[in-house]
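Letters go in sequence order (proteins before strands), and every chain restarts at 1.
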2 protein chains.
Amino acid sequence: MVSSIPIPRDSEAKLQHILRTASQVFAQRGFAGASMRDISRATGVSLAGLYYYFENKQHLLYLIQNTTFTFVLESLRLRLRGVHEPPERLRLLVLNHIEYFLSHPNEMKVLSHEEDALGDPYGEKVQAIKRRYYALAREIFDSIAAEGLAPQIHPRIAVLSLFGMMNWTYKWHKPGVDPDAAELTAAIVGLFLHGVLPSGPEPKHMFREGITAGDPR
Amino acid sequence: MVSSIPIPRDSEAKLQHILRTASQVFAQRGFAGASMRDISRATGVSLAGLYYYFENKQHLLYLIQNTTFTFVLESLRLRLRGVHEPPERLRLLVLNHIEYFLSHPNEMKVLSHEEDALGDPYGEKVQAIKRRYYALAREIFDSIAAEGLAPQIHPRIAVLSLFGMMNWTYKWHKPGVDPDAAELTAAIVGLFLHGVLPSGPEPKHMFREGITAGDPR
DNA sequence: AGGCGTCTCGAACGTTCGTTCGACAAATGT
DNA sequence: ACATTTGTCGAACGAACGTTCGAGACGCCT
């Protein structure tokens, strides 16, 4: 009498566990390089048992990408509510993106790295979310650009370069060593808006020290 | 008597053809997703015949990554000769990178996308070149940063963000539609140094057209 | 002519792949 | 009590995988 909706709640949690674990396997070995047996081993679910939760391997990847991307986009929409100042909206875009990147590195790596791995039943759906996400970012940028833009800056290139900075982080960011989400967001937003050079009109001939920390990795 | 070096010159050209074609296949299907039979079909060389030119599939990927990366690094070193002004050196770094990206999209995609696909006999060698390349970029950046840096900018993050902007281009750049190498380089360098906002001290409500501040370029 | 590297390939090797099948236990509905 | 749904799995399927082998064709030296 209490349960009017016949959703098997036990199963939903297990699906989430499979999605999380499969993301880790895909992140490590790549989609094509990871086998169903790898995922079976990592999740503890038998090889045949996996197919109760999705139709095939591609569908599993689609489930990961779709839920991840949908969450990121919806989370951003929530954060943007009631915020109308363009610079703050940009900051929230970057913060939302980076925060999810650092808290769910496997899912985000699969999302970034396995963009083209999906066939056309599933691929188009993920592409649709990506287009909405890009359009939202483009809107935010355009409202910033409305107050003036540096010369030689194409809006499309600017936005895609911003995504380049953000999406590249999964290749180098080491938790505990590199800055956390807040600091990384401030750095990227600052770089995007003002560049690395100080904004003062006369930057030449300043002999400051302290930029010798070598960390090639 | 004339030939002291027993290099089979006929074979070298064919190896290059295999490397070029295999790059295309790897770029389209990914390293793990591409089969030796795919490469055999694309190159016109029989399946067994391929193994005359390399030991195994990983070695083939290594050959592609090593020659590509070595060429890019050496090409940059050549361009940097005799140029000592830090901003111009930065511009040459970006130009060299972007030019090769747009003229050899397959090879560069394989280089960027298949970073971790190489096992440890080969993987370490490519990593070594990458470290040298990063160190060179870091040097260039540090000499620019010596004249002052915007607040909240970590050198490591700045350089890696620059690589993020550059390496992300293969995901979106469409030849003929998007700007060519020269224009793209100018956009990225401008964004990296000064950001997207106009550099004047009063960014709000300025209806000026071009910039007039003393900026030698 | 004959021997020898260089180059090429069809055919096959053993392994691993994604996916399916049928059986079965436990919960659920009636 | 029984029928049905939900969840799980061992075993097997054919296909595709990376790699090897032995044989043969070609050009070059003596």
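Applying the salt bridge (charged side-chain N to carboxylate O under 4.0 Å, His left out) test to every pair with at least one member in residues 61-72 of chain B, sequence neighbours left out, gives no pairs at all. Sorted pairs that involve residues 42-61 of chain B and meet salt bridge (charged side-chain N to carboxylate O under 4.0 Å, His left out), not counting sequence neighbours, are lacking altogether.
The interatomic distance linking B/Ile18 (CD1) with C/dC7 (P) rounds to 11 Å, in whole Å. Taking atom CZ of residue B/Arg29 and atom P of nucleotide D/dA16, one finds them 12 Å apart after rounding to whole Å. With rounding to whole Å, B/Glu12 atom CD is found 14 Å from C/dT6 atom P. Atom NE2 of B/His59 is separated from atom C1' of D/dG18 by 16 Å (rounded to the nearest Å). We find that OH of B/Tyr53 is positioned 18 Å from P of D/dT20, with the value rounded to whole Å. Protein atom NE2 of A/His17 is 12 Å distant from nucleotide atom P of D/dT8, rounded to whole Å. If you take CD1 of B/Ile39 and P of D/dA16, they are 17 Å apart, rounded to a whole angstrom. Atom-to-atom, NZ of A/Lys14 to C1' of D/dT6 comes out at 12 Å; the value is rounded to the nearest Å.
Two end axes, each from the C1' atoms of five base pairs, can be drawn for the helix from C/dT6-D/dA25 to C/dT30-D/dA1; they diverge by 20°, to 10 degrees.
Residues meeting the salt bridge (Lys or Arg N to Asp or Glu O under 4.0 Å) test with B/Arg41, sequence neighbours left out: B/Asp38. Checked against salt bridge (Lys or Arg N to Asp or Glu O under 4.0 Å), A/Arg37 has no partners two or more places apart in sequence or in another chain. Annotation: salt bridge (Lys or Arg N to Asp or Glu O under 4.0 Å) contacts of B/Lys125 (sequence neighbours excluded): none. Looking at residues two or more places apart in sequence or on another chain, you find no ring pair (Phe, Tyr, Trp, His ring centres under 6.0 Å) involving B/His17. Taking the side-chain hydrogen bond (donor to acceptor under 3.5 Å, both in side chains) definition, one finds that B/Glu124 meets it with B/Arg131, sequence neighbours left out. Among residues two or more places apart in sequence or in another chain, the salt bridge (Lys or Arg N to Asp or Glu O under 4.0 Å) test is passed with B/Arg132 by none. For A/Arg79, the side-chain hydrogen bond (donor to acceptor under 3.5 Å, both in side chains) criterion is met by A/Asn96, A/Glu99, not counting sequence neighbours.
Within the structure, a side-chain polar atom (N or O) of B/Tyr52 is placed less than 4.0 Å from OP1 or OP2 of C/dC7.
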Produce the list of close N/O pairs, under 3.5 Å, pairing protein atoms with atoms of nucleotides 25-27 of chain C; give distances to one decimal.
none

Between the protein and nucleotides 15-18 of chain C, which nitrogen or oxygen pairs are less than 3.5 angstrom apart?
unit_1: C/dC17; atom_1: OP1; unit_2: A/Ser35; atom_2: OG; d: 3.4
unit_1: C/dG18; atom_1: OP1; unit_2: A/Ala34; atom_2: O; d: 3.3
unit_1: C/dG18; atom_1: OP1; unit_2: A/Lys57; atom_2: NZ; d: 2.9
unit_1: C/dG18; atom_1: OP2; unit_2: A/Met36; atom_2: N; d: 2.8
unit_1: C/dG18; atom_1: N7; unit_2: A/Arg37; atom_2: NH1; d: 2.9
unit_1: C/dG18; atom_1: O6; unit_2: A/Arg37; atom_2: NH2; d: 2.8

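Of all heavy-atom pairs spanning A/Val110 and A/Ser23, the tightest one is CG2-O, 3.6 Å.
Using a 4.5 Å heavy-atom cutoff, the side chains of A/Phe141 and B/Val196 are in contact.
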